[in-house]
Amino acid sequence: MTSGRPTGEWLLAFLRENALTIVLGVAMAYGWFTSNNAALVNRIAILEAQVAEQRATAKARSRFDNAATNQLNFLCATASTCRQLYAPIVAPE
């Protein structure tokens with residue numbers, strides 16, 4: 001007589017019958033994961049390089065703007081007609 005409680009025999013039989021399918025499924029999942037992980041790491045590296053390039057460009061542009069502002073303010077301090085042509089430039093915050 002069998003009791004109404006399930007045993008683990010059905011699971012062992014299932015694993016024995018489908019062992020190759022399970023192993024192939026795990027191998028395919030692992031391959032998919034590593035491939036997508038490598039693609040993601042590559043994309044992150046590309047984005048980090050783009051951000052670094054944009055930061056460098058912004059820094060150079062800021063230095064240029066500051067230098068131009070200083071030069072124009074200096075010229076306008078020495079020439080009386082300069083303020084009539086150019087409003088005083090204030091560096092943005």
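These figures come from a predicted structure and were not determined experimentally. We count residues from 1, following the sequence as given.
In terms of the side-chain contact (heavy atoms from CB on, under 4.5 Å) criterion, residue partners of R61 (sequence neighbours excluded) are, by chain and number, T57, D65. Partners of L24 by side-chain contact (heavy atoms from CB on, under 4.5 Å), not counting sequence neighbours, listed by chain and number: L20.
With rounding to the nearest 0.5 angstrom, the CZ atom of R55 is 13.0 Å from the CD atom of E53. Between the CD atom in E9 and the CG atom in L12 there is a gap of 7.5 Å [rounded to 0.5 Å]. Taking CG of N36 as the reference point, atom CZ of R43 lies at 14.5 Å (rounded to 0.5 Å). Atom CG of residue L47 and atom CG of residue N42 lie 9.5 Å apart, to the nearest 0.5 angstrom.
Hydrophobic clustering of Ile, Leu, Val, Met, Phe, Trp and Tyr side chains at less than 4.5 Å, counting indirect connections, keeps F74 apart from F64.
In this structure, N37 contributes its side chain and F33 its backbone to no donor-acceptor pair below 3.5 Å. Although no hydrogens or angles enter the test, the distance criterion places a donor-acceptor pair under 3.5 Å between the side chain of T34 and the main chain of Y30.
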